[in-house]
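Data first, discussion second: the structure below is written as structure tokens.
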Amino acid sequence: MAMNNQFSFSRALLLLRKNLKENGKSYLLMFIAGFGIILLIYGLLIVGSFHNMFPTGDRKMLFTIGLFLGGTLFSASFYSFFKSQPKTIQFLLLPATTGEKLLIGFILTQIVYIIVFLVSFTSIDWLMCTIYNEFVSIPKWIIEQEKHYYKAAYLFNSDTVLIKEILVMYFITTSIAHLGSLSFINNAYVKTVILFILTVVALMFLNNKMLGLMIPEPIMPHGKYFTDSFRIGDKHQPTGIVILPSNWHTIIAFFLPIFIYVSCWAISYLKIKEKQI
């Protein structure tokens, strides 16, 4: 019994191997299906663009949808075996700690999936960019300054800032979906999405109300979600302006994702521990 109370990486690796042995075929089929869908859609975009500009915006959308939809679906279905009482009992009685069981979900949803997706999409992106650059036909009326629109550049070389932001959102949304898989037995994905939307709308409403207490204006200044200044007095003739520290917005934007991410995994740990009691 003492073994179960001490975290062991070797035991976690055995648990990971067990998971892959039991669910490896399902993971492989999901990968093949996702890979095939992205390859088909990307291919259709390229074929339809041989006489047009490279579909940069469509490619980014395809990358974003594939990453978020696939990642959240995979995370939200990770504990779908809870629908079966025998499988649930088998999981809860495994000679492993709560941390070891949680680590398997973390490795597969936060590390393995993102690596597989990025390698797959990068391979498809390289293939399609090569095909486009080989067969594109630039119309004669295109001026020299616009010909670069007819040159395919790899996604990770064209907009690294956007990719980083998307990846940050991926880790947050998949951690929420993973928690939803532990919280809801049936229709975990749908229930998690609905709860997520309601929570975001509620937070935006409360944030707007809180800002309204500080700012005598009906809208948030500069269109920002987190204000960096507010006026004192009448909005037409303010008696003063309070400016928050210059790095205020950066601190908030940095703190919130980390707080949400850590909170989701901490609650997931407690959820598994609660089920084992």
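- Remark: the backbone N or O of N186 is paired with a side-chain donor or acceptor of K191 at under 3.5 angstrom.
- Grouping the Ile, Leu, Val, Met, Phe, Trp and Tyr side chains by contacts below 4.5 angstrom, directly or via other members, places I267 apart from I272.
- No donor-acceptor distance shorter than 3.5 angstrom exists from the side chain of Y79 to the backbone of L182, with no hydrogens or angles considered.
- Under the 4.5 Å side-chain heavy-atom criterion for Ile, Leu, Val, Met, Phe, Trp and Tyr, L179 and I194 are members of distinct hydrophobic clusters.
- Residue R59 holds its CZ atom at 12.0 Å from CE of M128, rounded to the nearest 0.5 Å.
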Original post:
What do the steps show when you test F82 against F184 for ring pair (Phe, Tyr, Trp, His ring centres under 6.0 Å), and what is the final call?
Top reply: CA-CA 9 Å; F82 282 158; F184 307 109; over 10 Å; no
Original post:
Could you go step by step and tell me if L15 and L103 meet the side-chain contact (heavy atoms from CB on, under 4.5 Å) rule?
Top reply: CA-CA 10 Å; L15 195 60; L103 180 62; over 6 Å; no
Subject >> Q110/T174 under side-chain hydrogen bond (donor to acceptor under 3.5 Å, both in side chains): CA gap, chis, key distance, verdict >> reply: CA-CA 7 Å; Q110 304 295 287; T174 51; 2.9 Å; yes
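- Side chain of K101 to backbone of F91: a donor-acceptor contact under 3.5 angstrom is found.
- I176 and V190 are not part of a single hydrophobic cluster, where members link through side-chain heavy atoms under 4.5 Å apart.
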**OP:** Assess whether side-chain contact (heavy atoms from CB on, under 4.5 Å) is satisfied between W126 and L155, documenting all intermediate values.
**Re:** CA-CA 9 Å; W126 174 85; L155 179 62; over 6 Å; no
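- Taken together through direct or relayed side-chain contacts under 4.5 Å among Ile, Leu, Val, Met, Phe, Trp and Tyr, F121 and I124 form part of one hydrophobic cluster.
- The nearest pair of heavy atoms linking H178 to L102 is CE1-CD1, 3.7 Å.
- Minimum interatomic distance between K151 and Y132 (heavy atoms only, all atoms of both residues): N-CE2, 4.3 Å.
- Residue-environment remark: CZ (F196) stays at or below the threshold of 12 foreign heavy atoms within 6.0 Å.
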Original post:
How far apart are the C-alpha atoms of L270 and T98, what are their side-chain angles, what is the distance that settles it, and do they pass the side-chain contact (heavy atoms from CB on, under 4.5 Å) test?
Top reply: CA-CA 9 Å; L270 295 176; T98 303; over 6 Å; no
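- By the criterion of side-chain heavy atoms lying less than 4.5 angstrom apart, applied directly or through intervening Ile, Leu, Val, Met, Phe, Trp or Tyr residues, I111 is grouped together with F68 in one hydrophobic cluster.
- Between the CD1 atom in I107 and the CG atom in L20 there is a gap of 9.5 Å [rounded to 0.5 Å].
- Within the model, atoms OG1 of T173 and OH of Y261 stand 10.5 Å from one another, a figure rounded to the nearest 0.5 Å.
- Shown here for P257 and V168, the closest heavy-atom pair between the two residues is CB-CG1, 4.3 Å.
- In terms of heavy-atom proximity, V136 sits nearest to Y150 at CG1-O, 3.9 Å.
- Formation of a donor-acceptor pair under 3.5 Å by the S175 side chain with backbone atoms of I172 is found in this model.
- I260 CD1 to F255 CZ: the interatomic distance, rounded to the nearest 0.5 Å, is 9.5 Å.
- For the atom pair OG (S84) and CD1 (I89), the distance works out to 8.5 Å, reported to the nearest 0.5 Å.
- Shortest non-hydrogen contact noted between F74 and L108 is CE2-O, 3.4 Å.
- The one candidate from F171, W265, F78, Y113 that meets the ring pair (Phe, Tyr, Trp, His ring centres under 6.0 Å) condition with F106 is W265.
- A donor-acceptor pair under 3.5 Å is absent between the side-chain atoms of S77 and the main chain of S80, judged by distance alone.
- A pairwise comparison of heavy atoms in R11 and Q6 identifies NH2-O, 2.6 Å as the closest pair.
- Side-chain N or O atoms of N133 include one that pairs as donor or acceptor with a backbone N or O of C129 at under 3.5 Å.
- From S263, atom OG reaches atom CD1 of I258 across 11.0 Å, with rounding to the nearest 0.5 Å.
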Donor-acceptor pairs are to be reported for all side-chain atoms of residues 28-47 against protein atoms at under 3.5 Å, with residues two or more places apart or in another chain.
unit_1: Y42; atom_1: OH; unit_2: D125; atom_2: OD1; d: 2.6

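- With contacts defined as side-chain heavy-atom distances shorter than 4.5 Å, the pair K18/L94 qualifies.
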